[in-house]
Amino acid sequence: MGTDASRTGRHRGIRFLIGLLVAVLVLAVVAAGLGWWTVQRSFPTSNGSIQMSGLDATATVHRDDAGVPQLYAETDHDLFFAQGFVHAQDRFWEMDFRRHVTAGRLAELFGRSQLGTDAFIRTLDWRGIAEQEYGMLDESSRAHYDAYAEGVNAYLDDRNGADLSLEYAVLGLQNPGYSPEPWSGVDSIAWLKAMAWDLRSNLGDEIDRALLSTALPPEEVARLHPDYPWGRMPTIAGEPTATATAPAALSVTPIPADDDPIRPDAAAESPIGPGHAAALSSLQSTIEAVPELLGPEGGDLGSNSWVVSGALTESGSPLLANDPHLGPAMPSIWAQMGLHCVQITDECSFDVAGYSFSGLPGIVIGQNQSIAWGFTNLGPDVADLYLERIDGDSYELDGALVPLTLREETIEVAGGDPVTITVRSTARGPLVTGIGDDFGEVATQFPAASGQAEGQYEVSLQWTALTAGTTAGAIFALDRAHDWNAFRAAAAIFDVPAQNLVYADVAGNIGYQAPGRIPVRKTGDGTLPLAGWTSANGWEGAVPFGRLPSVYNPASGYIVTANNAAVGPEGPMLTEDWDYGYRAAGIDRLLRERLDAGEKLTAEFTRRDPARHERRECRRVPAG
């Protein structure tokens with residue numbers, strides 16, 4: 001009997017364990033199914049049809065085997081409505097996160113940990129500048145932004161939480177009350193400010209020189225920031241890559257050095273002393289932290305492009321290759337897409353494909369039926385720092401006290417009370433030393449360390465992107481450009497961020513244009529902060545577009561850009577901090593070796609990065 005009872009007990013134990021195992025497996029399957037459902041419920045609809053209001057007629061989205069969407073519509077309104085809808089389908093969390101970054105509203109999502117970043121962005125006022133630029137748009141461009149926003153909002157109308165993206169399900173655990181607000185055209189334009197910041201050129205070098213100058217003599221600082229190797233490395237608009245000029249109407253003949261008012265006296269002294277090191281170091285840390293929210297900074301990664309005349313290619317058509325090395329991110333900062341009018345009419349004027357930014361209407365890099373174009377970072381010096389003598393809510397200028405401009409900003413904080421900050425600005429730009437807790441150290445360290453009179457000293461920032469510009473409309477002009485003149489007209493309003501633009505068209509022409517708003521300085525060369533208490537320092541305008549480097553159908557038959565110097569020392573002063581030209585020289589050498597051997601260039605050869613032997617996007621412009 002004891003043996004039977006023991007056996008029965010073991011059987012019951014085994015049955016219990018089996019039952020427990022089955023229950024665990026069932027729960028695991030249910031959890032896996034729930035997890036999969038939560039993840040995939042926000043996936044975009046990729047086949048069938050969707051009924052919605054807001055469209056003038058039927059719009060079609062075709063996704064190829066790689067998932068790249070090609071959009072077809074009968075009006076411009078419907079085309080951008082569809083682009084907004086598809087961007088939201090694919091990437092709305094990314095779009096929503098980006099607009100919180102550019103508006104200085106991250107604490108609204110993630111709590112007090114993001115207050116420092118929000119204060120920095122509010123001080124620079126990216127959102128406020130975007131609002132001004134939206135108001136400056138021409139009627140047609142504003143309609144495109146509005147149609148795009150309508151498309152985004154059509155996607156949002158019937159969705160919330162995990163229906164939009166898995167990230168919202170996760171965010172709901174920390175911030176359960178959050179719900180995305182409707183999209184607007186200003187949300188789109190503000191992203192251009194983030195891109196301008198990512199490509200802001202040599203502000204880091206300016207701070208680095210200033211910090212080094214507190215401990216090293218000028219000649220040692222110069223050795224750590226050497227000049228561009230003129231004569232040994234190529235310039236974009238000069239030998240050895242390009243020699244011919246544009247047609248007479250677009251003449252870009254270099255201006256002699258003795259007749260060049262653009263290059264100021266570079267010998268102006270900087271008032272940097274050892275006491276400024278703490279303020280500048282703090283500012284540098286804040287500046288370097290912001291790009292991490294946007295993906296690693298792209299400025300030091302090195303972008304490349306080149307365009308080759310059809311006379312040098314196997315096909316007889318020009319070849320254009322572009323490798324814009326923005327920081328790697330997941331998902332990619334680029335969203336590949338095509339925008340196609342079923343028929344080109346006054347009501348529908350786009351037939352373009354290439355690479356867009358999610359949240360921004362239009363195609364940034366691409367090709368249409370007539371031209372192709374690519375971007376690399378020109379890298380001009382478009383930002384300067386000034387040391388300011390502060391007295392309460394005033395700053396010194398030419399011996400007088402001038403009231404600071406004061407602006408209050410209220411930052412909503414998830415799980416906490418709102419925080420109000422006061423942004424203070426001089427006529428040149430905002431004071432940036434008061435953003436972080438340690439920036440105020442300059443107020444006590446400056447007088448004793450630098451021998452200045454007692455007072456409050458801070459650092460202000462002057463940057464071209466802090467003045468409303470016209471890039472928001474330039475994208476549409478590029479997308480519709482049909483020849484070199486229209487391309488240059490579009491480039492003329494692409495003011496921030498300044499870029500290298502390479503060009504090819506179906507008629508066989510190739511070209512290069514440097515656009516952008518690049519300051520003309522009264523004194524100094526932009527390499528060190530200057531005294532803000534004198535009007536002798538500062539900007540007195542911008543380099544005219546007609547004087548920016550430009551090349552059309554060069555005798556060499558090709559043009560190379562790789563962040564190297566765009567023009568030689570005889571041209572307008574754009575920056576003292578070019579990339580040193582090694583990548584440009586490598587590209588030029590490999591192209592020239594192939595050509596000197598009598599070989600024609602092919603698309604397959606051009607797809608390889610001659611500088612690094614990497615893969616890249618390559619577009620062949622068909623013969624007309």
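No hydrogens, no waters, no symmetry mates; every other heavy atom, side chains included, goes into these values. Here the structure is a predicted model, which means the values were calculated and not measured.
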- Task: May I ask you to test the Val423-Asp125 pair for a side-chain heavy-atom distance under 4.5 Å?
- Result: no

- Message: Has Ser188 got a side-chain atom pairing as donor or acceptor with Gly359's backbone, closer than 3.5 angstrom?
- Response: yes

- Note on the structure: On a heavy-atom basis, the closest approach of Leu124 and Pro430 is CD2-CG, 4.1 Å

- Query: Quick one: are Ser305 and Phe375 in side-chain contact, heavy atoms under 4.5 Å?
  - Reply: no

- Query: Applying the ring pair (Phe, Tyr, Trp, His ring centres under 6.0 Å) test to Tyr145, which of Tyr134, Trp191, Phe476 qualifies?
  - Reply: Phe476

- Message: Closer than 3.5 angstrom, by distance alone: can the side chain of Arg407 be matched with the main-chain N or O of Arg122 as a donor-acceptor pair?
- Response: yes

- Going by an N to O cut-off under 4.0 Å, is there a salt bridge joining Arg127 and Glu409? no

- Message: Just so I know, are the side chains of Val520 and Val543 near enough to count as touching, which here means a heavy-atom distance under 4.5 Å?
- Response: yes

- Message: Name the residue from Phe110, Trp93, Tyr178 that meets the ring pair (Phe, Tyr, Trp, His ring centres under 6.0 Å) definition with His100.
- Response: Tyr178

- Message: Contact between Arg521 and Asp384 at the side-chain level, heavy atoms closer than 4.5 Å - yes or no?
- Response: yes

- Query: So do Pro519 and Gln462 actually touch side chain to side chain, heavy atoms under 4.5 Å?
  - Reply: no

- Min side-chain heavy-atom separation Tyr228-Met233 under 4.5 Å: yes

- Query: Charged N to carboxylate O under 4.0 angstrom, Glu139 versus Arg142?
  - Reply: no

- Query: With the threshold set at 4.0 Å, does a side-chain nitrogen-carboxylate oxygen contact exist between Glu576 and Arg209?
  - Reply: no

- Message: Can you confirm whether Thr523 sits close enough to Leu530 that some side-chain heavy atom of one is under 4.5 Å from a side-chain heavy atom of the other?
- Response: yes

- Task: For residues Ala562 and Ala584, report the shortest heavy-atom separation together with the two atoms involved.
- Result: CB-N, 3.7 Å

- Among Thr420, Ile421, Val419, whose side chain to side chain contact (heavy atoms under 4.5 Å, CB included) with Thr410 holds? Thr420

- Item | Separation of Leu397 CG from Thr426 OG1 (nearest 0.5 Å) | 8.5 Å

- State whether a side-chain donor-acceptor pair under 3.5 Å links Asp381 with Asn202. yes

- Is the closest side-chain donor-acceptor distance between Asp138 and Ser141 under 3.5 Å? yes

- Ion pair present between Arg99 and Asp96, side-chain N to carboxylate O less than 4.0 angstrom? yes

- Please name the pair of heavy atoms, one in Ala498 and one in Asn377, separated by the smallest distance, quoted to 0.1 Å. O-OD1, 3.5 Å

- Taking side chain as C-beta onward, heavy atoms only, is Ile333 less than 4.5 Å from Met195? yes

- Query: How long is the span from the CZ atom in Phe494 to the OG1 atom in Thr470, to the nearest 0.5 Å?
  - Reply: 9.5 Å

- Rounded to the nearest 0.5 Å, what's the gap from CD1 on Ile236 to CH2 on Trp578? Could you check? 7.0 Å

- Query: Is the gap between the ring centers of Phe487 and Trp373 under 6.0 Å?
  - Reply: no

- Using only heavy-atom distances, determine whether the side chains of Thr527 and Asp205 contain a donor-acceptor pair under 3.5 Å. no

- Would you find a donor on one side and an acceptor on the other, under 3.5 Å apart, between the side chain of Lys522 and the backbone of Glu540? no

